[in-house]
Amino acid sequence: MRIEHIIAAGRRHGASDIHLLADLPPMFRLHGEIVPGKGEPLGSEAIAAIIDECLTPAQRRRLEEEWQLCVSLVFPDSGRARVTIYRRNGRPELAIRLSEMEVRGREDLGLPPIVEELARKPHGLVILTGPTGVGKTTTFHYMLDLINAERSGKIITIEDPIEYVHRFKRSIVVQQEVLSDVLDIGDALRHVLRQDPDVIGVGEMRDRETIYTALSAAETGHLVIATLHTPGAADVVQRLVSSFPEGQQGEVRFMLASTLQGVIAQQLLPRAASKGLCLCCEVLIGTPAVRHHIRENQSHQLYSEMQSGRKHGMMTIDHSLLELYQRGEITYDTAVSMARSPDSIRRRAS
């Protein structure tokens, strides 16, 4: 069994992910649920052969040293896929994310209009956050595609791995992949600043060095779009600041207050009337009041700013859930179970 055939089967069935586990047939994630594929279970030897087939010699060495690896594969008929290799009980297994073939529009993705305004900012920091698998990368590439279509400039991205390749429209687009073009995100980001960029896309802010360099780039007149993992929009500030030692946190708060344009926090929820998932967004915008709270170490006030900041495009998770429920896109139970304040949903939905 070849990995290209497995990915092609996933495309035909509309899967978002494929999991290859020892002693099970290929498992497909369809509309948020894991469904077993037809066919015989895969043995450890078959999975090892699939892995050996899709890796370069350098990637094989990296896997042997670190026991885990994430790479990007491209096939003429099946498109691009992100392949993550890991071990379970001493045996290798794979998690495969199927990249979208084309960048979908904002309304199709369910993104709020403020996302377009943030993409059109000339400089500053925009952060896309949320758990794994909620569409942050899709939003990331939607924003880059919009910039590419509207702005004549240079866009540079550092990704691990590349999941969508941008064609040149009005901008020069340079996409760099970890292990193929650069060794790590932090070091690559420092070199990007010497390559005359207008827009910098950071696949993930993972460590202190990457965060600090991204803030510095936003301070010096670049638009930086980056992803992060936090539960909600207001949690981003604490997550970034707490990455630094106490003596440096004041400086980081000042940099973040000066550069933050907005935060989009995402969740994917089951649809009420059909199979599939819909997007739920929480939005924090860098208004003067929000910048003041960040600078003064008052991040506990940010949720209140989101509650009262609808005129600026801000939205709390509860506002978003209520709107989705009122439009019939999610059930009442989903709205209540996901709410920060379930009682407020109950009162306003009654």
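No path of Ile, Leu, Val, Met, Phe, Trp and Tyr side chains, each step under 4.5 Å between heavy atoms, connects L183 with I185, placing them in separate hydrophobic clusters. Linking Ile, Leu, Val, Met, Phe, Trp and Tyr whenever their side-chain heavy atoms come within less than 4.5 Å puts I96 and F28 in one cluster. Taken together through direct or relayed side-chain contacts under 4.5 Å among Ile, Leu, Val, Met, Phe, Trp and Tyr, L98 and L268 form part of one hydrophobic cluster. No single ILVMFWY cluster, assembled from side-chain heavy atoms under 4.5 Å apart, contains both F254 and M205. Follow the hydrophobic side-chain contacts under 4.5 Å out from I47 and you never reach M27; the two are in separate clusters.
Closest approach of G313 and I285 over heavy atoms only: C-CG1, 4.4 Å. Annotation for A217 and L193: closest pair CB-CD2, 3.5 Å, computed over non-hydrogen atoms. In plain terms, the two heavy atoms of I51 and P92 that are nearest each other are CD1-CB, 3.5 Å. The heavy-atom pair separating R170 from A149 by the smallest distance is CD-O, 3.1 Å. Minimum heavy-atom separation, G328 to A272: O-CB, 3.7 Å. Contact record, R97 with S16: CD-O, 3.4 Å, taken as the closest heavy-atom pair.
Inter-residue side-chain proximity for T259 and V224 is flagged as unmet; no heavy-atom pair is nearer than 4.5 Å. In this structure, the side chains of P342 and R346 come closer than 4.5 Å at one or more pairs of heavy atoms. Taking the side chain as every heavy atom from C-beta outward, H319 and M306 never approach each other to under 4.5 Å. The shortest distance between side-chain heavy atoms of Q59 and C54 does not fall below 4.5 Å. At least one side-chain heavy atom of I3 sits under 4.5 Å from a side-chain heavy atom of L94. The shortest distance between side-chain heavy atoms of I345 and L322 falls below 4.5 Å. Counting heavy atoms from C-beta outward, H141 and E100 have side chains that stay 4.5 Å or more apart. Between H13 and L30 the shortest side-chain heavy-atom distance falls below 4.5 Å.
Remark: the R194 side chain and the H191 side chain contain an N/O donor-acceptor pair separated by less than 3.5 Å. There is a side-chain donor-acceptor pair under 3.5 Å between E204 and H229. No donor-acceptor contact under 3.5 angstrom links the side chains of R239 and T230, judged on distance only.
Distance CG/D145 to CD/E150: 9.5 Å, rounded to 0.5 Å. We find the OH-CZ distance between Y164 and R80 to be 10.5 Å, quoted to the nearest 0.5 Å. Distance check, rounded to the nearest 0.5 Å: OG of S308 to CZ of R310 gives 11.0 Å. Note that CZ of R60 is 11.0 Å distant from CG of L69, once rounded to the nearest 0.5 Å. With rounding to the nearest 0.5 angstrom, the CG atom of D184 is 7.5 Å from the CG atom of D207. Note that the OG1 atom of T213 and the CD1 atom of I158 stand 9.0 Å from one another [nearest 0.5 Å].
Crowding of R2 atom CZ: a count of heavy atoms from other residues, nucleotides or ligands under 6.0 Å not exceeding 12. By the 6.0 Å contact criterion, CD on E66 is enclosed, its count of non-hydrogen atoms from other residues, nucleotides or ligands being greater than 12. Environment of CZ in R167: sparse, with no more than 12 heavy atoms of neighbouring residues, nucleotides or ligands closer than 6.0 Å.
Using a cut-off of 4.0 Å between Lys/Arg side-chain N and Asp/Glu carboxylate O, R271 and E329 are scored as salt-bridged. Remark: R206 engages D160 in a salt bridge, criterion side-chain N to carboxylate O under 4.0 Å. Remark: E116 engages R120 in a salt bridge, criterion side-chain N to carboxylate O under 4.0 Å.
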(Q) Using side chain to side chain contact (heavy atoms under 4.5 Å, CB included), reason through L223 and I147 one step at a time and then give a plain yes or no. (A) CA-CA 11 Å; L223 177 63; I147 295 166; 3.9 Å; yes

Q | Verdict with supporting geometry, Q248 and Y212, side chain to side chain contact (heavy atoms under 4.5 Å, CB included) | A | CA-CA 11 Å; Q248 200 176 356; Y212 191 85; 3.6 Å; yes

Q: For the pair Y303 and R340, evaluate side chain to side chain contact (heavy atoms under 4.5 Å, CB included) and give the outcome as yes or no after the intermediate values.
A: CA-CA 11 Å; Y303 196 80; R340 179 185 175 108; 3.0 Å; yes

Q: Take I225 and T157, measure what side chain to side chain contact (heavy atoms under 4.5 Å, CB included) needs, and give me the verdict at the end.
A: CA-CA 9 Å; I225 303 174; T157 70; over 6 Å; no

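The only member of T139, T129, T227 that meets side-chain hydrogen bond (donor to acceptor under 3.5 Å, both in side chains) when paired with Q266 is T139. When each of R82, Q175, E177 is checked for a side-chain contact (heavy atoms from CB on, under 4.5 Å) with E159, only Q175 meets the rule.
No side-chain donor-acceptor contact under 3.5 Å links D108 to the backbone of G105. With Q261 contributing its side chain and H123 its backbone, the two residues share a donor-acceptor pair below 3.5 Å. Counting only distance, with no hydrogens or angles, the side chain of E93 and the backbone of A22 share a donor-acceptor pair below 3.5 Å. A donor-acceptor contact shorter than 3.5 Å links the side chain of S320 to the backbone of C281. At distances below 3.5 Å, not a single donor-acceptor pair connects side-chain atoms of K136 with backbone N or O atoms of G203. Although no hydrogens or angles enter the test, the distance criterion places no donor-acceptor pair under 3.5 Å between the side chain of T316 and the main chain of Q307. The main-chain N or O of H293 is never found under 3.5 Å from a side-chain atom of Q298 such that the two would form a donor-acceptor pair. A donor-acceptor contact shorter than 3.5 Å links the side chain of N148 to the backbone of K169. Checked by atom type and distance alone, the side chain of S78 never pairs as donor or acceptor with a backbone atom of F75 at under 3.5 Å. In this structure, R291 contributes its side chain and S258 its backbone to a donor-acceptor pair below 3.5 Å.
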